[in-house]
Protein chains: 2
Amino acid sequence: MNGMDDTGFISILREHGLQVTYQRLAIYQALYHSKEHPSAEEIHQQVGRRFSMISLGTVYKTLERFSEAGLIDKINPVAEVARYDANLMPHHHFVCVKCQAIYDLEGVSDDESPMRLDGYEDFKILKRQVILRGYCPKCRSRETES
Amino acid sequence: MNGMDDTGFISILREHGLQVTYQRLAIYQALYHSKEHPSAEEIHQQVGRRFSMISLGTVYKTLERFSEAGLIDKINPVAEVARYDANLMPHHHFVCVKCQAIYDLEGVSDDESPMRLDGYEDFKILKRQVILRGYCPKCRSRETES
DNA sequence: ATTCTTGCAAACGGTTTGCACATAC
DNA sequence: GTATGTGCAAACCGTTTGCAAGAAT
């Protein structure tokens with residue numbers, strides 16, 4: 001389930017021009033191993049379980065640095081609070097309107113190239129984000145309406 | 001540029017099960033006539049220019065009621081603060097990463113039906129939102145990078 | 001008369017900021 | 001040794017909430 005050792009994570013940080021600290025390693029690893037698109041708060045708690053506690057302010061600053069450096073994506077704000085994603089492969093998201101969970105949508109076609117759009121040549125399109133909203137399987141089964 | 005009188009707006013509110021007050025009329029008209037996807041704050045200022053000032057709290061409560069009633073859309077939060085839209089026709093948005101302006105994308109195909117998706121039959125999809133991010137024409141010309 | 005809405009002000013919560021200290025390079 | 005990152009706490013700001021007064025039905 002792991003697939004990378006500390007040395008690997010250190011290289012990744014360096015490759016993105018980021019100075020290496022144990023806090024950054026911990027934060028990036030937590031995000032890297034999570035599929036939950038966690039918030040800063042959640043990352044903070046998760047990191048605190050394995051290492052001595054890191055301040056929440058540092059988590060915010062670090063995630064912002066990571067995001068600037070292109071190491072992670074800030075899915076911000078699809079839900080009420082900012083959520084982060086270490087998976088940089090282009091993919092879409094499903095957001096549950098009830099429990100706020102975010103699911104990756106794998107293998108959903110993204111035919112339209114994000115870079116051009118008829119009638120909008122004057123816009124410089126950097127990225128395309130598709131968000132589906134509705135009930136996730138868990139919340140759907142709890143609803144009366146099938 | 002107008003196209004609807006007060007009586008028309010009153011009917012629309014009633015049709016959505018909303019009690020009619022002059023504050024609600026003012027707020028809905030302001031949003032209806034705007035193409036800027038204004039924030040609550042902006043609506044508040046705009047309304048204050050034409051009527052006696054309405055409290056900001058009321059603007060927030062009212063927009064929330066409108067949104068529940070299906071009278072408007074809460075594009076929330078595509079940018080840093082919630083932005084609202086009275087145009088209920090399905091359409092996509094372009095958000096400028098620099099000036100935060102939101103543009104409607106008219107006539108952009110939305111082939112995939114929002115209701116079904118191969119491999120995600122357990123999800124109840126209510127709506128699909130496509131957001132393109134990049135530089136709008138104005139900000140693009142101010143950038144060095146063409 | 002009853003129910004819903006408004007205004008006001010205080011509270012809330014996620015995020016940002018300033019600064020002194022510590023660490024990476 | 002210098003630049004950069006961290007911790008802490010206070011500030012910020014969009015938004016929500018509680019409640020008494022007011023308006024709609």
Side-chain angles (χ1 to χ4, degrees), chain A residues 6-7 9-31 37-48 51-69 71-72 74-84 100 102, chain B residues 6-7 9-28 30 37-48 51-69 71-72 74-84 100 102:
Chain A
D6 274 20
T7 341
F9 285 112
I10 291 174
S11 310
I12 293 178
L13 291 177
R14 291 242 161 84
E15 280 161 21
H16 285 83
L18 293 161
Q19 195 167 300
V20 176
T21 66
Y22 86 90
Q23 289 93 334
R24 291 188 170 181
L25 272 177
I27 290 168
Y28 182 59
Q29 288 182 29
L31 186 55
H37 305 83
S39 64
E41 189 82 45
E42 286 161 350
I43 291 171
H44 179 237
Q45 289 169 6
Q46 183 151 346
V47 162
F51 303 84
S52 66
M53 189 55 85
I54 293 173
S55 91
L56 181 56
T58 295
V59 175
Y60 275 107
K61 283 174 187 165
T62 302
L63 290 170
E64 204 55 36
R65 283 289 284 113
F66 284 3
S67 178
E68 286 168 26
L71 178 60
I72 66 173
K74 189 175 184 180
I75 311 172
N76 176 34
V78 166
E80 292 311 307
V81 304
R83 305 277 282 260
Y84 299 86
Q100 307 283 335
I102 300 177
Chain B
D6 274 19
T7 341
F9 285 112
I10 291 173
S11 310
I12 293 178
L13 291 176
R14 292 241 160 85
E15 280 161 21
H16 285 82
L18 292 161
Q19 192 167 302
V20 176
T21 66
Y22 84 90
Q23 289 94 335
R24 291 187 171 182
L25 272 177
I27 290 168
Y28 182 59
H37 305 82
S39 65
E41 190 81 47
E42 286 161 350
I43 291 171
H44 179 236
Q45 289 170 6
Q46 182 152 345
V47 162
F51 302 83
S52 66
M53 188 54 84
I54 292 174
S55 92
L56 181 56
T58 295
V59 174
Y60 274 107
K61 284 175 187 164
T62 302
L63 290 169
E64 204 55 35
R65 285 286 285 113
F66 283 3
S67 179
E68 285 167 26
L71 178 60
I72 66 172
K74 188 175 183 180
I75 311 172
N76 178 33
V78 166
E80 293 310 309
V81 303
R83 306 276 283 261
Y84 300 85
Q100 306 284 333
I102 301 176

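Within every chain, numbering begins at 1; the chains are lettered A, B, ... in the order of the sequence lines, protein sequences first and strands thereafter. All values derive from a computational prediction rather than experimental measurement.
A donor-acceptor pair is defined here as one N or O able to donate and one able to accept, closer than 3.5 Å; such a pair exists between the side chain of A:E42 and the backbone of A:S39.
Listed by chain and residue number, nothing satisfies the salt bridge (charged side-chain N to carboxylate O under 4.0 Å, His left out) test with B:R24 (two or more places apart in sequence, or in another chain). Partners of A:Q29 according to the side chain to side chain donor-acceptor pair (under 3.5 Å) rule, which considers only residues two or more places apart in sequence or in another chain, are A:D6. Applying the side chain to side chain donor-acceptor pair (under 3.5 Å) criterion to B:S55, with sequence neighbours excluded, gives B:T58. A:A40 pairs by the side chain to side chain contact (heavy atoms under 4.5 Å, CB included) definition with A:V59, A:Y60, A:L63, A:Y84, not counting sequence neighbours. Remark: B:S67 engages B:I72, B:K74 in a side chain to side chain contact (heavy atoms under 4.5 Å, CB included) (not counting sequence neighbours). Looking at residues two or more places apart in sequence or on another chain, you find no salt bridge (charged side-chain N to carboxylate O under 4.0 Å, His left out) involving B:E41.
B:S39 comes within contact range of no nucleotide atom at all, as no heavy-atom separation falls under 4.0 Å.
Remark on DNA chain C: of its neighbouring residues A:E41 and A:G57, the 5'-side contact belongs to A:E41, judged by nearest-heavy-atom nucleotide.
Here C:dT15 presents its P atom at 10 Å from CG of A:L63, a figure rounded to the nearest Å. Atom-to-atom, CG of A:L56 to C1' of C:dG14 comes out at 9 Å; the value is rounded to the nearest Å. Spacing between atom CZ of A:F66 and atom P of D:dG5 amounts to 10 Å, rounded to whole angstrom units. Straight-line distance from the CD1 atom of A:I43 to the C1' atom of C:dT15: 14 Å, rounded to whole Å. Computed from coordinates, the B:Q100 CD to D:dG14 C1' distance equals 14 Å when rounded to whole Å. Computed from coordinates, the B:Q23 CD to C:dT6 C1' distance equals 6 Å when rounded to whole Å. Taking atom CD of residue B:E64 and atom C1' of nucleotide C:dT6, one finds them 17 Å apart after rounding to whole Å. Distance NE2 (A:H44) to C1' (D:dC8): 12 Å, rounded to an integer number of Å.
Residue B:T58 places no side-chain N or O under 4.0 Å from the OP1 or OP2 atom of C:dT5. Residue B:Y60 has no polar side-chain atom (N or O) positioned under 4.0 Å from OP1 or OP2 of D:dT16.
When all heavy atoms of A:A26 and A:I54 are compared, the closest pair comes out as CB-CD1, 4.2 Å.
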Write down the protein N/O and nucleotide N/O pairs, taken from nucleotides 19-25 of chain D, whose separation is under 3.5 Å; answer none if there are no such pairs.
residue	atom	partner	partner atom	Å
D:dA24	O4'	B:Q19	NE2	3.3
D:dT25	OP1	B:R14	NH2	2.9

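For A:R24, taking side-chain heavy atoms from C-beta onward, the closest of the listed nucleotides D:dT15, C:dG7, D:dG5 is D:dG5.
Rounded to 10°, the angle separating the first-five-pair axis and the last-five-pair axis of the helix from C:dA1-D:dT25 to C:dC25-D:dG1 equals 40°.
Residues A:E68 and A:R65 are paired through a salt bridge, judged by an N-O separation under 4.0 Å between the basic side chain and the carboxylate.
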